[in-house]
> 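My structure is below; once you've seen it, I'll send some questions.
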Protein chains: 2
Amino acid sequence: MVQYPTTRLDASFAALADGTRRGVLERLGRTESSITDLAETFGMTLTGMRKHVGVLEEAGLVTTEKVGRVRYCRIGARRLDEVAAWIDTYHQLWNERFDELDKVIEELQQKEQLDGCTNEQ
Amino acid sequence: MVQYPTTRLDASFAALADGTRRGVLERLGRTESSITDLAETFGMTLTGMRKHVGVLEEAGLVTTEKVGRVRYCRIGARRLDEVAAWIDTYHQLWNERFDELDKVIEELQQKEQLDGCTNEQ
DNA sequence: TAAATACTGAACCATATGGTTCAGTATCCC
DNA sequence: GGGATACTGAACCATATGGTTCAGTATTTA
């Protein structure tokens, strides 16, 4: 299911793999901000922040609009849906496998208790 | 909420930002595999695949065990929970904002229709 | 119109990533 | 024991990433 590549997912995950960028997303979730706002908040040069915003834009997680000399950044589109969908699918699938494993382990532990408790901890 | 860095999240997202690695996770979700298995499946050298598995291991998404000369790889721990949790939180938060936006847009469109339909498409 | 503000682009830097090859080492099996 | 198998480690390579500085350009504003 789902052929591997899908470069959009790549871009989304890569964009999320940076603390500063996740911070920017959190902030934009609360309030629209300019590049200057963000750069100040995260203690970084304008140029540096512009790059981060660029990465988020490319991933479709943020949209920006330039009004006069100010570029306003907002949480963008629903690209996060794709990411969430991927995670959810495998998360659920794997949890089923984990549940099975849990049962096996539980049984083993119960057997151990019955057998006598020489090797605890 | 949630201070930005959290390098474990960084590692998890970074690990997921690669199609091959997501492919490996999918496969391991179905069946335990050796490095050789994985390398063949994804058309890559052993060394190359070992690196990918290493990245997934570091992120806690995969665990491995060496038995004799074979290293077996399995879906590891529930680190994906952390990722899913992060996504879910913001996903939900943002969707609320999107819903508001949707209403505004809808109202605008209805007004447009009332005003006369010069600019359809 | 001049100064301040907000951004952009090019160039640079150190380090990380995704891959390879090649030369081991360890294990299994005849 | 000797060959095949399965991996490991070091070295290398090209490109990407996360940042910087510095020199613009465009837009406000006094």
Side-chain angles (χ1 to χ4, degrees), chain A residues 4-28 31-74 76, chain B residues 4-28 31-74 76:
Chain A
Y4 350 112
T6 347
T7 31
R8 267 166 46 181
L9 259 187
D10 283 19
S12 299
F13 277 122
L16 292 170
D18 179 281
T20 302
R21 272 183 318 249
R22 287 197 304 278
V24 167
L25 282 178
E26 288 176 32
R27 179 177 166 125
L28 294 184
T31 168
E32 180 179 86
S33 315
S34 69
I35 303 285
T36 300
D37 290 342
L38 294 171
E40 274 170 11
T41 305
F42 294 90
M44 189 176 299
T45 56
L46 272 186
T47 316
M49 182 48 74
R50 181 62 180 102
K51 281 195 189 179
H52 279 306
V53 170
V55 171
L56 290 165
E57 253 183 304
E58 284 270 308
L61 295 167
V62 156
T63 57
T64 73
E65 184 193 3
K66 191 149 187 184
V67 178
R69 58 185 169 175
V70 178
R71 178 173 297 278
Y72 294 100
C73 309
R74 303 184 193 84
Chain B
Y4 351 112
T6 346
T7 31
R8 267 165 48 181
L9 259 187
D10 282 20
S12 299
F13 277 122
L16 292 170
D18 180 282
T20 301
R21 276 188 309 255
R22 288 196 305 277
V24 167
L25 283 179
E26 289 176 32
R27 180 177 166 126
L28 294 184
T31 168
E32 181 178 85
S33 315
S34 70
I35 303 284
T36 300
D37 290 342
L38 294 172
E40 273 169 12
T41 305
F42 294 90
M44 190 176 297
T45 57
L46 272 187
T47 316
M49 182 48 74
R50 181 62 180 99
K51 282 195 189 178
H52 280 305
V53 170
V55 171
L56 290 165
E57 251 183 306
E58 285 271 308
L61 295 167
V62 156
T63 58
T64 72
E65 185 193 3
K66 191 148 184 184
V67 178
R69 57 183 170 174
V70 179
R71 180 174 295 279
Y72 295 99
C73 310
R74 302 184 195 85

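Just so we're clear, the structure is a prediction, and the values are computed from it rather than from any experiment. Naming convention: chains lettered A, B, ... in sequence-line order (proteins, then strands); numbering from 1 in each chain.
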> How about A:Asp37 and A:Glu32: do any of their side-chain heavy atoms sit closer than 4.5 Å?
no
> Closest approach of B:Cys73 and B:Val53, non-hydrogen atoms and distance?
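Result for this residue pair: SG-CG1, 3.9 Å.
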> Would you check if B:Thr41 and B:Met49 make a side-chain contact, meaning some heavy-atom pair closer than 4.5 Å?
no
> Determine, for nucleotides 20-30 of chain C in 5'-to-3' order, which nucleotides have protein heavy atoms under 4.0 Å from the base (write B), from only the sugar-phosphate (write S), or from neither (write -).
BBB----BS--
> Without decimals, in angstroms, what is the distance between A:Glu40 CD and C:dT5 C1'?
12 Å
> Measuring from atom OG1 of A:Thr64 to atom CD1 of A:Ile35, what distance do you get when rounded to the nearest 0.5 angstrom?
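It is 7.0 Å, given to the nearest 0.5 Å.
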> Would you indicate, yes or no, if D:dA6 has its OP1 or OP2 atom less than 4.0 angstrom from a side-chain nitrogen or oxygen of B:Arg50?
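B:Arg50 to D:dA6 OP1/OP2: no side-chain N or O under 4.0 Å.
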> Give every pair of a protein N or O atom and an N or O atom of nucleotides 15-17 of chain C that lie under 3.5 Å apart, one pair per line with the distance.
none

> With respect to the side chain of A:His52, which nucleotide from C:dA6, D:dG18, C:dG18 is positioned closest?
D:dG18
> Just how far is it from atom OH of B:Tyr72 to atom OG of B:Ser34, taken to the nearest 0.5 Å?
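Rounded to the nearest 0.5 Å, the OH-OG separation comes out at 7.0 Å.
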> Would you say the side chain of A:Phe42 lies within less than 4.5 Å of the side chain of A:His52, judging by non-hydrogen atoms?
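Contact flag for A:His52/A:Phe42 side chains = no.
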> Do the side chains of B:Met44 and B:Leu38 get nearer than 4.5 Å, heavy atoms only?
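The answer is no, as the side chains (C-beta and beyond) never meet within the 4.5 Å cut-off.
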> Heavy atoms only: give me the nearest B:Ala15-B:Ala59 pair and the separation to one decimal.
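So the minimum-distance heavy-atom pair works out to CB-CB, 3.8 Å.
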> For the pair made of CG in A:Asp10 and C1' in C:dG18, what is the distance, rounded to whole Å?
12 Å
> Side chains of A:Thr63 and A:Glu65: does their closest heavy-atom pair fall under 4.5 Å?
no
> Where does DNA chain D pair, written as one dot-bracket string 5' to 3', with Watson-Crick or G-U pairs under 3.5 Å, ( ) inside the strand, [ ] for crossing pairs and | for another strand?
||||||||||||||||||||||||||||||
> Is any side-chain heavy atom of A:Leu25 closer than 4.5 Å to one of A:Leu16?
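Contact flag for A:Leu16/A:Leu25 side chains = yes.
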> Measure the distance from CG on B:Leu38 to C1' on D:dA6 and round it to the nearest whole Å.
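So the two atoms are 13 Å apart, to the nearest Å.
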> Against A:Glu57, only a single residue in A:Arg21, A:Arg50, A:Lys51 fulfils salt bridge (charged side-chain N to carboxylate O under 4.0 Å, His left out); can you say which?
A:Arg50
